[in-house]
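Reading through the structure tokens given below for one structure.
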Amino acid sequence: MSLIEKYPVHLTNSLSGKKELFVPVNPGHLGIYVCGPTVYNDVHLGNVRTFMSFDVVTRYFRHLGYKVRYVRNITDVGHLENDADEGEDKISKKARLEQLEPMEVVMHYTEGFHEVMRQFNILPPSIEPSATGHIVDQIEITKKLIDNGFAYEANGSVYFDVTKYHEKYKYGILSGRVIEELMESGRKLDSQDEKRNKIDFALWKKASPYHIMRWPSPWSDGFPGWHIECTVMSTKYLGDTFDIHGGGMDLKFPHHECEIAQAVGANDQKPVNYWIHSNMLTVNGQKMSKSLGNSFLPRELFAGDHALLDRGYGAMTVRFFMLQSHYSSTLDFSNDALGAAEKGYKKIINALAALNALVHEQKEVDDSIEKDLLRLIEECYKNMSDDFNTAKTLAVLFEMAARINDFKSGNTQLSKVSKDVFDQFKTTYQSFVKDVLGLREENEQNNDLLDGTIQILIELRKKARLDKNFALSDKIRDDLKQVGVQLKDGKDGTIDYVIE
RNA sequence: GGUGCUGUGGCCGAGUGGCUAGGCAGAGCUCUGCAAAAGCUCGUACAGCGGUUCGAAUCCGCUCAGCACCUCCA
């Protein structure tokens, strides 16, 4: 029995608001699309949370044995400063302000984004398409929407006709918005407006003479609207109906609602079976966002170089911190919580090292110990298959860590566990920590030179202790501690170390 | 105003109506030359008020408090 059959995944589908059994379009395959960043600025910690959430989702599916195609786009054109389809393109604006080519802006922030993803051990997607690379496709689908009667041209721009769409299908199925109310509330159309209704949105915008980013189209020299790129790139690489579409909660409306309308209007079929929305990172209860000024960047986080930060924290500490909550809940940032997470993370990682060092030799097998270990293995899968409950999974890993430490100290005889069960236990702990949750050693720069040097000091300390020269042995220990190397004395005279 | 969500022990945070979440902090103990690390033990918390039920943190209603989206934001 494969893991896929043994641990069916249930996930909360934003479309229904309920937890549903996941059934893929093609058995054993997963097609998932996640809205990526608009590369006009640095990604902040709140952005990181979203990508980390979906990183864990895709990691788990892969671990179960799914063949995953993960598409995450780069928005490098079309994202306007406000959603009334007016205002400047974000990339263009940045380019103008910094006197750069738009593509220089795009390259710079795309590379910065990738660097941050690497730091947090967020794996790259299978395909990372860009909006500017799919202008032709966007023009094609816009034509199709006009042909189908769901879009109209006005003065060189093309808009999606939400009212027309709503007559045949239903607009608002994802966000629960009522079209009549949307029509009433907010700003009125003025006489200058090209839109027939205020809730219509742009598929193509005619560029003003001074606009830098522009492409030819049947309607005008211009650029595509924001929502259309995701519809195009998701269906192009994943098919007209694919499994999962993810993104931050704040994109649910209007972005994702518009995506659905575009895809249905063009293809007359439901584009996505399961929508997953990850919740916001908050600071003092408020959403972290650039405009509120309460956001900070990863490099500020590492350096502790921000008014909100008492000190610096490692990327893995933050990863652990985020995994302790469920992706669908808001998570409040605080220094206290980060500090606690740092210790918890170390406990998990230290146990990983201890596990690797265990030498197994089977003697008499104790059934109750084995049952306990098998239960813990089972729990890991059950919790992850239950809507990717990383918090509960971590709780189980802490229990496993306690078992590992018991084996290490001899509190429990490792020889009472059969080879088979121990191997399962070991593999499960290792793979859940490293492959599924994506936690790794914070200090990967540990090299042989450093290790060798510390080993020499450890040998000196051992000697000093045997000679009962505690002044010297304590000095070695305390001085190493000063520079961030913590020694851990074992019962049998062995000494390990951890770099803090 | 509309839509949705949340309110859990000192802190952070899981929780499918009944059976211990977990982490951090704190107290005691074990181990240790002393520490650290590790292990063991200890807290009976679920905003308030009603209701349903044999039984509710978990379901329903009301009240209070807070958040998100409805403008750009993951």
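In what follows, chains carry the letters A, B, and so on, assigned in the order in which the sequence lines appear, proteins first and then strands, with residues in each chain numbered from 1. Both backbone and side-chain heavy atoms feed into the values below; hydrogens, waters and symmetry mates do not.
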Checklist line | Identity of whatever pairs with B:rG66 - Watson-Crick or G-U, under 3.5 angstrom | finding: B:rC5
Next item on the list: Using heavy atoms to find the nearest nucleotide of RNA chain B for A:Q286 and A:G344 separately, return the residue whose nucleotide is more 5′.
Entry: A:G344
Checklist line | Base B:rA35 paired with A:R477 side chain (donor-acceptor, <3.5 Å) | finding: yes
Notebook entry, point to check: What does A:A354 touch in the nucleic acid at a heavy-atom separation under 4.0 angstrom: a base, only the sugar-phosphate, or nothing?
Noted result: nothing
Check: Can you tell me how far C1' of B:rA21 sits from CE of A:M400, to the nearest Å?
Finding: 16 Å
Next item on the list: Quote, to the nearest angstrom, the C1' distance that separates B:rA56 from B:rA47.
Entry: 16 Å
Next item on the list: Once you apply the 3.5 Å cut-off to both distances, tell me the Watson-Crick or G-U wobble partner of B:rG26, or none.
Entry: B:rC42
Margin query: Output the rounded distance in Å from CG (A:D406) to C1' (B:rC31).
Written below: 13 Å
Next item on the list: Tell me what A:L394 touches on the nucleic acid: a base, only sugar-phosphate, or nothing, going by heavy atoms under 4.0 Å.
Entry: nothing
Margin query: Taking the six-membered ring of A:F253 as reference, does the cationic atom of A:R177 (NZ for Lys, CZ for Arg) lie under 6.0 Å from its centre and within 45° of its axis?
Written below: yes
Notebook entry, point to check: Counting side-chain heavy atoms from C-beta on, which of B:rC69, B:rC24, B:rG39 comes nearest to A:A402?
Noted result: B:rG39
Next item on the list: At under 4.0 Å between heavy atoms, which parts of nucleotides 3-18 of chain B does protein reach? Answer with one letter per nucleotide, 5' to 3': B base, S sugar-phosphate only, - none.
Entry: S--------SSSS---
Note to self: Centroid separation under 6.0 Å, is that true for the rings of A:H166 and A:Y171?
What the structure shows: no
Notebook entry, point to check: For A:D489, which contact category applies under a 4.0 Å heavy-atom criterion: base, sugar-phosphate, or nothing?
Noted result: base
Check: Counting just side-chain N and O atoms, does A:N47 come under 4.0 Å of either OP1 or OP2 of B:rA74?
Finding: yes
Note to self: Whole angstroms only, please: what is the CZ-P distance between A:R461 and B:rC34?
What the structure shows: 13 Å
Note to self: Please name the nucleotide paired to B:rC59 by Watson-Crick or G-U wobble geometry with both distances under 3.5 Å, or report none.
What the structure shows: B:rG51
Checklist line | Touch class at under 4.0 angstrom, heavy-atom based, for A:F398 against every strand present | finding: sugar-phosphate
Next item on the list: Could you tell me the separation between the CG atom of A:L182 and the P atom of B:rG1, rounded to a whole number of Å?
Entry: 18 Å
Next item on the list: Determine the Euclidean distance between corresponding P atoms of B:rG66 and B:rC29; express it in Å to zero decimal places.
Entry: 45 Å
Next item on the list: Could you tell me the separation between the NZ atom of A:K462 and the P atom of B:rU32, rounded to a whole number of Å?
Entry: 17 Å
Next item on the list: Indicate, with a heavy-atom threshold strictly under 4.0 Å, whether A:L281 touches base, sugar-phosphate, or nothing.
Entry: base
Next item on the list: Could you tell me whether A:G285 contacts a base, only the sugar-phosphate backbone, or nothing, with contacts defined as non-hydrogen atoms closer than 4.0 Å?
Entry: sugar-phosphate
Note to self: Suppose you measure atom C1' in B:rG15 against the same atom in B:rG23; what distance do you get, rounded to whole Å?
What the structure shows: 15 Å
Notebook entry, point to check: At under 4.0 Å, does any side-chain N or O of A:N411 touch on OP1 or OP2 of B:rG39?
Noted result: no
Notebook entry, point to check: With distance as the sole test, does A:N383 use its side chain to make a donor-acceptor pair with the main-chain N or O of A:E379 at under 3.5 Å?
Noted result: yes
Check: What is the pairing partner of B:rG33, taking Watson-Crick or G-U wobble pairs with both distances under 3.5 Å in any strand?
Finding: none
Note to self: Rounding to an integer number of Å, can you tell me how far A:K90 NZ sits from B:rU71 C1'?
What the structure shows: 11 Å
Next item on the list: In whole angstrom, give the distance that lies between atom CD of A:E399 and atom P of B:rG39.
Entry: 12 Å
Check: Are the ring of A:F51 and the six-membered base ring of B:rA74 within the stacking cut-offs of under 5.5 Å and under 30°?
Finding: no
Checklist line | Between A:N356 and A:Q430: side-chain donor-acceptor atoms closer than 3.5 Å | finding: yes
Check: Rounded to the Å, how far apart are A:R375 CZ and B:rA21 P?
Finding: 14 Å
Note to self: Roughly how many Å apart are B:rG48 and B:rG9, using the P atom of each and rounding to a whole number?
What the structure shows: 10 Å
Notebook entry, point to check: Is A:R72 positioned over the aromatic face of A:F51, cation under 6.0 angstrom from the ring centre and no more than 45 degrees off axis?
Noted result: yes
Margin query: Is there a side-chain contact between A:K408 and the phosphate of B:rA38, meaning an N or O under 4.0 Å from OP1 or OP2?
Written below: no
Note to self: Please compare A:G339 and A:M280 by the position of their nearest nucleotide in RNA chain B and report the one closer to 5'.
What the structure shows: A:G339
